A.B. asks: 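Could you have a look at this structure, given as structure tokens, before my questions?
We use all heavy atoms of the structure for the numbers below, so side chains are in, but hydrogens, waters and symmetry mates are not. What you see is a predicted model; the values in this text were computed from it and never measured. Per chain, numbering begins at 1; letters A, B, ... match sequence-line order.
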Amino acid sequence: NAGVMQNPRHLVRRRGQEARLRCSPMKGHSHVYWYRQLPEEGLKFMVYLQKENIIDESGMPKERFSAEFPKEGPSILRIQQVVRGDSAAYFCATGWDPSGANVLTFGAGSRLTVL
Amino acid sequence: AQSVTQLDSQVPVFEEAPVELRCNYSSSVSVYLFWYVQYPNQGLQLLLKYLSGSTLVKGINGFEAEFNKSQTSFHLRKPSVHISDTAEYFCAALMDTGRRALTFGSGTRLQVQP
């Protein structure tokens, strides 16, 4: 997991604030996936990005959530006007090719707590 | 709908005993299957994967899994567990539909007792 860096590891926000979660892929990886893990549940796919492109955002809530993966810098998952239901662990996973055999490397996650 | 089901939310077992964690998937298309382990407050680590070929797949830490197409199952096994195997285990599938995201099961908590 050391290769995929996520920060912050823990984030506390009050309702209505914004949360920004960052994911720096492993060297050579240009594909980024974001997943959300609610307490006592498995991981749910949110969005898949390549550099400067959103490929699949079918798992993203329609409002308040956005993601980007710019040409330079980390991928960012942004949650506006957070609510208590956004409290979860957010994981990013990165890979080097888009094929079905692509094995993803997961980061250690960012744990968001909304008060 | 494509889904991955882990029937057991928790599996308690004594140290050095064998264990099987069950996973079933539903898919009408070709599928790749994975098992991941998650230790407390950490990310997911790949245990093993099935892409094609031999249906018996060996992974790290002494784990193995068998792909059974007729049963649509991919159960994870270990002949003798250690205390250090206590963790959450997730089965995941990548369906050959062009959508590249993994579908995860809800997880099984393996608790190894001395």
Side-chain angles (χ1 to χ4, degrees), chain A residues 1-10 21 23-26 29-50 53-60 67 89-111 113, chain B residues 1-10 21-25 27 29-53 57 59-60 67 76 87-109 111:
Chain A
N1 290 338
V4 178
M5 304 302 295
Q6 288 190 248
N7 65 83
R9 292 292 310 276
H10 301 276
L21 310 177
C23 170
S24 297
M26 281 185 70
H29 286 190
S30 59
H31 302 264
V32 173
Y33 299 75
W34 283 94
Y35 289 84
R36 176 165 63 176
Q37 184 181 29
L38 294 170
E40 308 300 323
E41 294 187 17
L43 280 75
K44 304 292 185 190
F45 166 75
M46 298 182 76
V47 62
Y48 163 42
L49 310 103
Q50 294 177 24
N53 287 303
I54 297 175
I55 307 301
D56 181 352
E57 57 181 347
S58 58
M60 287 279 270
Y90 292 83
F91 290 94
C92 84
T94 73
W96 57 272
D97 87 75
S99 75
N102 184 21
V103 177
L104 300 178
T105 301
F106 281 80
S110 292
R111 283 159 179 81
T113 301
Chain B
Q2 295 155 350
S3 64
V4 176
T5 302
Q6 292 181 246
L7 295 168
D8 307 302
S9 59
Q10 292 190 53
L21 306 183
R22 295 181 293 171
C23 173
N24 289 86
Y25 66 93
S27 174
V29 298
S30 299
V31 61
Y32 303 119
L33 295 159
F34 306 80
W35 275 99
Y36 287 87
V37 60
Q38 183 182 32
Y39 298 103
N41 296 317
Q42 295 187 27
L44 277 68
Q45 180 182 1
L46 180 68
L47 276 178
L48 48 78
K49 62 182 185 285
Y50 170 78
L51 303 180
S52 65
V57 180
I60 62 171
F67 171 61
L76 181 71
E88 191 86 22
Y89 291 79
F90 291 97
C91 182
L94 186 65
M95 316 290 182
D96 188 19
T97 58
R99 185 167 181 263
R100 303 182 181 101
L102 289 167
T103 299
F104 282 87
S106 55
T108 297
R109 172 81 177 157
Q111 294 178 295

A.B. asks: Taking all atoms of both residues into account, what is the closest heavy-atom pair of Ala101(B) and Tyr33(A), and its distance?
C.D. replies: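 Heavy-atom minimum between the residues: CA-CE2, 4.0 Å.
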A.B. asks: Picking from Ala92(B), Ser52(B), Ser106(B), which has the most non-hydrogen pairs under 4.5 angstrom with chain A?
C.D. replies: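 So the answer, after comparing Ala92(B), Ser52(B), Ser106(B), is Ser106(B).
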A.B. asks: Can you say whether Gln6(A) sits under 4.5 Å from chain B via the side chain, the backbone, both, or neither, judging by heavy atoms?
C.D. replies: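 Neither part.
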A.B. asks: Could you state the interatomic distance from NZ (Lys44(A)) to OG1 (Thr103(B)), rounded to the nearest 0.5 Å?
C.D. replies: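 Lys44(A) NZ to Thr103(B) OG1: 9.0 Å, rounded to 0.5 Å.
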A.B. asks: Who pairs with Arg22(B) by salt bridge (Lys or Arg N to Asp or Glu O under 4.0 Å), at least two apart in sequence or on another chain?
C.D. replies: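 Counting only residues at least two positions away or on another chain, Arg22(B) forms a salt bridge (Lys or Arg N to Asp or Glu O under 4.0 Å) with Asp8(B).
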A.B. asks: To the nearest 0.5 angstrom, please state how far the CZ atom of Phe34(B) sits from the CG atom of Leu104(A).
C.D. replies: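 Answer rounded to 0.5 Å: 7.5 Å.
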A.B. asks: Looking only at heavy atoms, which two atoms of Phe91(A) and Gln38(B) are closest? And how far apart?
C.D. replies: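 So the minimum-distance heavy-atom pair works out to CZ-NE2, 3.2 Å.
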A.B. asks: To the nearest 0.5 angstrom, please state how far the OH atom of Tyr35(A) sits from the CZ atom of Phe104(B).
C.D. replies: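 Between Tyr35(A) OH and Phe104(B) CZ, I get 5.0 Å after rounding to 0.5 Å.
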A.B. asks: Considering residues at least two apart in sequence or located in another chain, which fulfil the side chain to side chain contact (heavy atoms under 4.5 Å, CB included) criterion with Ala67(A)?
C.D. replies: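 Side chain to side chain contact (heavy atoms under 4.5 Å, CB included) check on Ala67(A) returns Val47(A), Leu49(A), Met60(A), Leu77(A).
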